[in-house]
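Below is one structure, written out as structure tokens, with a few remarks after it.
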Amino acid sequence: MGDLQCAIDLAEGAGKKLLQLRDRAGELGLEGRELKDAGDRTAQEFLAQSLHQLHPQDAVLSEEAVDDKCRLDSRRVWIIDPLDGTREYSEFRDDWAVHVALWEDGELSAGAVALPGLGLVLDSAEQDMPMTVGPARPWRIAVSRSRPPQIVHQLAQNAEVELVPMGSAGYKVCAVVRGEVDAYVHAGGQYEWDSAAPVAVAQGKGLHTSRVDGSPLEYNRADPYLPDLVVCHPALKRELFEAVHAFA
Ligand SMILES: Nc1ncnc2c1ncn2[C@@H]1O[C@H](COP(=O)(O)O)[C@@H](OP(=O)(O)O)[C@H]1O
Ligand SMILES: [Mg+2]
């Protein structure tokens, strides 16, 4: 099985397990924190076991496992977030995701984001987005429901922008890919597992992906803290960055 198909199958498989668990939450007496923890654990176990079976030589960086720094000497590292949008999962909403990405020799080489609440899996296979000109105003910008960064509030006050709050970094990046929103802007905190697979998917579709200062997003660094990102259609990039930096 190729790496991309592996990422797709694993993200989809973990998503199914998470849906099954949530369907049984009442009978198991799980809610709130317990449901979040059970979801994180269930998806982590499935992904860790599957990767160990399929790719025993590869390193793994996961939100839900101890960070084994051996990954820094590995040419291939799976960067996974077993349940992104844990809060929304526990609230029985649809905006949560499973992230599976492969980092290889300095680049994201494959990635899949499962959106089990929507019955979708998006992957990093190359495919051009149809839009060739920038979107009409107001721009629709996806932002965190629970921790929207200051810069997007400033943007919304000063430019023609509609903020669209959603949970999960993966869900928000996929909302750009799916054309539901025009951009996703985040700052103030995140880790490599929150964005690796979504960014691989966005890059495959030809979208712009970068840090808020315009520099490239880099993965498998010693410190996996990667606090900000912008994902948008390339036609929006220049104007969006001008607006963000005018108020940053
Ligand atoms: N300021 C911050 N610091 C650390 N992590 C953050 C953060 N803001 C968002 N995140 C993480 O990014 C993911 C998407 O967040 P949000 O839904 O608010 O957009 C969540 O991942 P998890 O659900 O995997 O923990 C959340 O923990
Ligand atoms: Mg996450």
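Numbers here simply count residues along the sequence, with the first being 1. Excluded from the calculations below are hydrogen atoms, water molecules and symmetry mates; all remaining heavy atoms, backbone and side chain alike, are included. Numbering of ligands and ligand atoms starts at 1, following listing order.
Scanning the protein for heavy atoms near atom 1 (N) of ligand 1, the closest one is G188 O, 3.2 Å. Scanning the protein heavy atoms around atom 18 (O) of ligand 1, the nearest turns out to be S144 OG, 2.5 Å. The protein atom (non-hydrogen) at minimum distance from atom 27 (O) of ligand 1 is R147 NH2, 3.2 Å. From the protein, the heavy atom lying nearest to atom 4 (C) of ligand 1 is G189 C, 3.7 Å. With hydrogens left out, the protein atom closest to atom 19 (O) of ligand 1 is K172 NZ, 2.5 Å, a heavy atom. The protein heavy atom nearest to atom 23 (O) of ligand 1 is G85 N, 2.7 Å.
The contact set between ligand 1 and D81, taken as ligand atoms under 4.0 Å from a residue heavy atom, comprises 24 (O). When each atom of ligand 1 is checked for a heavy atom of A169 under 4.0 Å away, the hits are 14 (C). Counting atoms of ligand 1 from 1 in the listed order, those under 4.0 Å from a heavy atom of S146 are 18 (O). Applying the 4.0 Å criterion to heavy atoms of G167 picks out, from ligand 1, the atoms 17 (O). If you number the atoms of ligand 1 from 1 as listed, the ones under 4.0 Å from a heavy atom of H186 come out as 8 (N), 9 (C).
Across every non-hydrogen atom of P82 and E64, the tightest pair is CG-CG, 3.8 Å. Counting all heavy atoms, side chain and backbone alike, E180 lies closest to R140 at O-NE, 3.1 Å. Looking at every heavy atom in both residues, K172 comes nearest to V181 through O-CG2, 4.5 Å. Listed here is the closest heavy atom pair of H153 and P148: NE2-CG, 3.7 Å. Taking all atoms of both residues into account, the shortest heavy-atom contact from S168 to G85 is CB-CA, 3.8 Å. When all heavy atoms of P116 and G15 are compared, the pair lying nearest together is CG-CA, 3.5 Å.
Residue-level check: among N/O/S atoms of D84, OD1 sits closest to the Mg ion (ligand 2). Within D81, the N/O/S atom positioned nearest the Mg ion (ligand 2) carries the name OD2. Closest N/O/S atom of D194 to the Mg ion (ligand 2): OD1.
For ligand 1, the polar-atom distance check finds no N/O of M166 at less than 3.5 Å from any of the ligand's N/O atoms. For Y191, no nitrogen or oxygen atom sits less than 3.5 Å from a nitrogen or oxygen atom of ligand 1, counting backbone and side chain alike. Among the atoms of S168, some N or O lies under 3.5 angstrom from an N or O of ligand 1. Remark: ligand 1 and D194 share an N or O pair separated by less than 3.5 Å (distance only, no angle test). Any N or O atom pair closer than 3.5 Å counts here, and E88 shares no such pair with ligand 1.
Here R33 contributes atom CZ and S90 contributes atom OG; the two are 8.0 Å apart, rounded to the nearest 0.5 Å. Note that the NZ atom of K69 and the CG atom of L61 stand 8.0 Å from one another [nearest 0.5 Å]. Atom CZ of R41 and atom CG of L21 lie 9.0 Å apart (nearest 0.5 Å). For the atom pair R76 CZ and D58 CG, the distance stands at 4.0 Å (nearest 0.5 Å).
When heavy-atom distances to ligand 1 are checked against a 4.0 Å cut-off, E63 comes that close only through its side chain, counted from C-beta outward. Only backbone heavy atoms of L83 (N, CA, C or O) come within less than 4.0 Å of ligand 1; its side chain stays farther off.
In summary, the side chains of S210 and H208 do present a donor paired with an acceptor at a separation below 3.5 Å, with no hydrogens or angles considered. Remark: the W103 side chain and the N220 side chain contain no N/O donor-acceptor pair separated by less than 3.5 Å.
With D228, D95, D84 as candidates, the residue nearest to atom 13 (C) of ligand 1 on a non-hydrogen basis is D84.
In this structure, R93 is not positioned above the aromatic face of W96 in the sense of NZ or CZ being under 6.0 Å from the six-membered ring centre and within 45° of the axis.
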